[in-house]
Amino acid sequence: MSANAEIARLLDETAAMMEVLGENRFRVAALQRASRVISGLGVDLAQIAQDREALLAIDGVGDKIADKIQEYVRTGRIAEHDEYAQRIPSGVLDLLGVPGLGPKTVGLLWREKNITTLAGLKRALEDGSILDLPRMGKRSAERIARALAFTESSGSRTPIGVAMPIAESIVVRLEASARGATAVYAGSLRRGRDTVGDVDILACATDADAVSRAFREAPEVAEVLAAGATKSSVRLRAGDTGRLIQADLRVVERRALGAAMLYFTGSKDHNVALRERARARGLTLNEYGLFPDDGGPTPPQVRGVTPVAAKTEAAIYSKLGLAHIPPELREDRGEIAAAEAGALPDLIEPDHISAELHAHTTASDGSLSIEALAREAQRRGFHTVAVTDHSKSQTVANGLDEARLREHIASIRAVNERMRGVTVLAGAEVDIHADGSLDYDDDTLALLDIVVASPHWALTQKPADATRRLLRAIEHPLVDIVGHPTGRLIGKREGLSPDIAELCAAAAEHGTALEINAHWMRLDLRDTHVRAAVEAGAPIAINCDVHSERDFDNLRYGVMTARRGWLPADRCVNAWSARRLRAWLGRRR
DNA sequence: GCCGTTTTCGGCCCGACTGTTTTCAGTCG
């Protein structure tokens, strides 16, 4: 695990322990904020820890947290974390992971009933002893029991590729449920995060009740958690995955849809920053609109105060003196300052993509023939598609040895001769061995139009080894793209933790593209890595790693990840004209 | 514990819903 991830985890755990102990909530919030900022940081804290000014320049990092970062880099520990860990059994923090159990209840469970593990909680629910606690009735106990079952079955976050189709089908159903109804999804899904905690839906309709009913009575609903006049929460069965995912619906007034979208899209940190900005301008912002701050005793919308802006997000940003900020950027990572300065990036969009540069055919583990692949690429409006089947070491994927590769290249060239309107490139996805050497020799690589080099195994190497390995591939004169550089699988495999800054600098120097693999199980590079690559000046590829026709549909997840990394279109090789792409591929051949 | 166009102290975003209460605490986003 990288230093950043570990420091973020220790700070977050410290905050959780402080919360259970009932300590000052602002100190807790400060640690949580620092943890979030650090986990999304592009630079490696281990590299800059000596530079105190650089640490203090990080949002949310002050003297105390800078001390903790330096302490961690020096000793591998944070003493304050250890002290709290002495006072609280570790299982108590697991209890906080159960939805509906907050620090107060967890603290009570621990102190009053000595419940310090999920198993202990389960026993107390079964034997009814949990009912001894103050404010703990039968209904609360039942709610906790269901929440516990939920965490055990599918407690972790859901990949965007699973959640997005669910959200889209809910939107369609709600819009059909009442005349003139409008529905949109918000939350981290709209921001394009690689995983989501839940699905947030907003709806407007004259018949709010009909929309709410349609939401709660949908066939996928396994359980209704809340059913208010404007807010409903349910747990849904997520397709055939066997897991459950929470979905929340808010029914809002059409005239305040923009304010609601802003509020429910988040992120939390972005919203807090916007509210602080509003306050500094004598305004107050909530999910009903941007209002003059008249210091009234009740919320302005309750008193019929006319909002300064509410209907659209753009109007609210405008009244706050900001350009409209695309959802993918709303993470409080400098987007507000950029919007104020008119310096937001000209972000890439799905329509900009006109080449797929990582695709497999039946020659290795794909399901399409070369020709079927080419036709599908053409149908999607692409000017170029690269056939990049696996190299010889990928025996499980039917990787090609040199002899088969030569035949394959001839077949690709033959198809390319026949096709009109789309260029089919002869390429390969070549394994990067653990030491950074490649799976084909240079003479073989020189036969190809394009080389994607990817790590597929030895994905538990030490960070320094991984950095050396990937650097060697980036510096290789015949490598055009490094595919899914860390090899992570979301929720399943952490993958490599190379020094991203070093890789990006080398990629910029050698003109080698780093790939965002658009498959929703990978999304690797991840958003923060893309941001580092953009800042370093490295080219980026967004590829679908096509194995079947449907894989092309994953492009949108890759593009959302790119946007989260502030990627402008002209830095993405897949968005270049055929001519520019050819010139780049020919630069060293 | 952070932070500053209200600035080095004294604030720190705001509302919906539930359950167990008779007016509100806890949780969530």
Side-chain angles (χ1 to χ4, degrees), chain A residues 11 14-15 18-20 22-35 37 55-68 80 95-109 131 133-144 146-147 186-189 191 196-202 212 224-234 246-252 256 259-260 262-291 293 295 298-302 321 332 340:
Chain A
L11 294 180
T14 305
M18 288 170 62
E19 233 182 341
V20 171
E23 301 204 5
N24 182 291
R25 66 195 173 97
F26 296 110
R27 292 180 58 205
V28 170
L31 284 172
Q32 288 169 335
R33 172 167 148 79
S35 170
V37 168
L55 293 182
L56 292 172
I58 299 168
D59 260 350
V61 174
D63 267 323
K64 296 284 179 55
I65 290 177
D67 284 346
K68 290 181 173 61
E80 189 178 26
L95 298 177
L96 284 174
V98 178
L101 283 191
K104 295 287 196 306
T105 313
V106 167
L108 272 180
L109 287 168
L131 296 170
L133 289 178
R135 300 185 67 85
M136 181 63 64
K138 194 156 167 273
R139 295 176 71 96
S140 290
E142 283 167 1
R143 183 178 50 79
I144 293 169
R146 285 194 303 272
S188 48
L189 195 59
R191 298 202 311 281
V196 303
D198 60 12
V199 172
D200 295 303
I201 307 281
L202 294 172
S212 296
V224 176
L225 298 170
T230 64
K231 181 183 167 183
S232 298
S233 287
V234 299
Q246 180 166 334
D248 299 328
L249 170 71
R250 289 289 284 253
V251 184
V252 302
L262 197 58
Y263 185 82
F264 289 104
T265 297
S267 67
K268 186 186 176 75
D269 289 335
H270 179 84
N271 285 348
V272 168
L274 286 185
R275 283 211 204 85
E276 286 169 356
R277 190 178 177 85
R279 286 177 66 93
R281 285 171 165 62
L283 301 166
T284 177
L285 177 64
N286 62 27
E287 63 258 54
Y288 298 97
L290 181 65
F291 297 90
D293 189 5
T298 55
Q301 71 276 4
V302 177
D332 196 22
E340 181 169 35

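Values below: all heavy atoms of this structure, side chains included; hydrogens, waters and symmetry mates excluded. Everything numeric here is computed off the predicted structure, so don't read it as measured data. Each chain gets a letter, A, B and so on, in the order its sequence line appears, and its residues count up from 1.
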Between [X] and [N], does any side-chain N or O lie under 4.0 Å from OP1 or OP2?
X: A:Thr105; N: B:dT27; value: yes
X: A:Thr230; N: B:dC17; value: yes
X: A:Arg279; N: B:dC12; value: yes
X: A:Thr284; N: B:dC14; value: yes
X: A:Asn271; N: B:dC13; value: no
X: A:Ser140; N: B:dT20; value: yes
X: A:Lys68; N: B:dG1; value: yes

Query - base_contact_polar (B:dG29 base, A:Tyr263 side chain, donor-acceptor, <3.5 Å) - result: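 Counting by modelled atom types and ignoring angles, a donor-acceptor contact under 3.5 Å is found here.
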Pairs of donor and acceptor atoms involving the side chains of residues 277-286 of chain A, under 3.5 Å and at least two apart or interchain, shall be tabulated with distances.
from: A:Arg277; atom 1: NE; to: A:Leu320; atom 2: O; distance (Å): 2.7
from: A:Arg277; atom 1: NH2; to: A:Leu320; atom 2: O; distance (Å): 3.1
from: A:Arg277; atom 1: NH2; to: A:Glu340; atom 2: OE2; distance (Å): 3.0
from: A:Asn286; atom 1: OD1; to: A:Tyr288; atom 2: N; distance (Å): 2.7
from: A:Asn286; atom 1: OD1; to: A:Gly289; atom 2: N; distance (Å): 3.2
from: A:Asn286; atom 1: ND2; to: A:Gln301; atom 2: OE1; distance (Å): 3.0

[atom1] of [X] versus [atom2] of [N]: gap in Å, rounded?
X: A:Leu55; N: B:dC3; atom1: CG; atom2: P; value: 12 Å
X: A:Met136; N: B:dA25; atom1: CE; atom2: C1'; value: 12 Å
X: A:Arg27; N: B:dG1; atom1: CZ; atom2: P; value: 4 Å
X: A:Asn24; N: B:dC3; atom1: CG; atom2: P; value: 16 Å
X: A:Arg25; N: B:dG11; atom1: CZ; atom2: C1'; value: 11 Å
X: A:Leu225; N: B:dG19; atom1: CG; atom2: C1'; value: 14 Å
X: A:Ile144; N: B:dG26; atom1: CD1; atom2: P; value: 14 Å
X: A:Lys138; N: B:dG19; atom1: NZ; atom2: C1'; value: 14 Å

Across the strands shown, which category fits [X] at heavy-atom distances under 4.0 angstrom: base, sugar-phosphate, nothing?
X: A:Phe264; result: nothing
X: A:Ala278; result: nothing
X: A:Val61; result: sugar-phosphate
X: A:Gln32; result: nothing
X: A:Arg139; result: sugar-phosphate
X: A:Lys64; result: sugar-phosphate
X: A:Arg250; result: sugar-phosphate
X: A:Ala229; result: sugar-phosphate
X: A:Leu101; result: sugar-phosphate
X: A:Asp198; result: sugar-phosphate
X: A:Pro299; result: sugar-phosphate

Requested in this report: Inspect the contact between A:Arg250 and A:Glu287 and indicate whether a charged nitrogen and a carboxylate oxygen are less than 4.0 angstrom apart.
Outcome: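 Yes, A:Glu287 and A:Arg250 are salt-bridged.
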Query raised in the report: When rounded to the nearest 0.5 angstrom, what distance separates CG in A:Leu202 from CG in A:Leu249?
Result: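 Between A:Leu202 CG and A:Leu249 CG, I get 7.5 Å after rounding to 0.5 Å.
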Query raised in the report: For A:Phe26 and B:dC2, is the gap between ring centres under 5.5 Å while the planes differ by less than 30°?
Result: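 A:Phe26 ring does not meet the centre or angle cut-off for B:dC2; no stack.
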**Report entry** Greater than 12 external heavy atoms within 6.0 Å of A:Arg146's CZ
**Finding:**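 Correct, the count exceeds 12.
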Report task. Searching all strands shown, indicate the nucleotide that pairs with B:dC28 (Watson-Crick or G-U wobble; both distances under 3.5 Å). Result ->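 Pair assignment: B:dC28 / B:dG15.
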Report task. Tell me which of A:Arg33 and A:Gly100 sits closer to the 5' end of DNA chain B, going by the nucleotide each one is nearest to. Result ->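 Counting from the 5' end, the first nearest nucleotide belongs to A:Arg33.
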Query raised in the report: Pick the nucleotide of DNA chain B nearest each of A:Ile65 and A:Leu285; which residue has the one closer to the 5' end?
Result: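 By nearest-heavy-atom nucleotide position, the 5'-most residue is A:Ile65.
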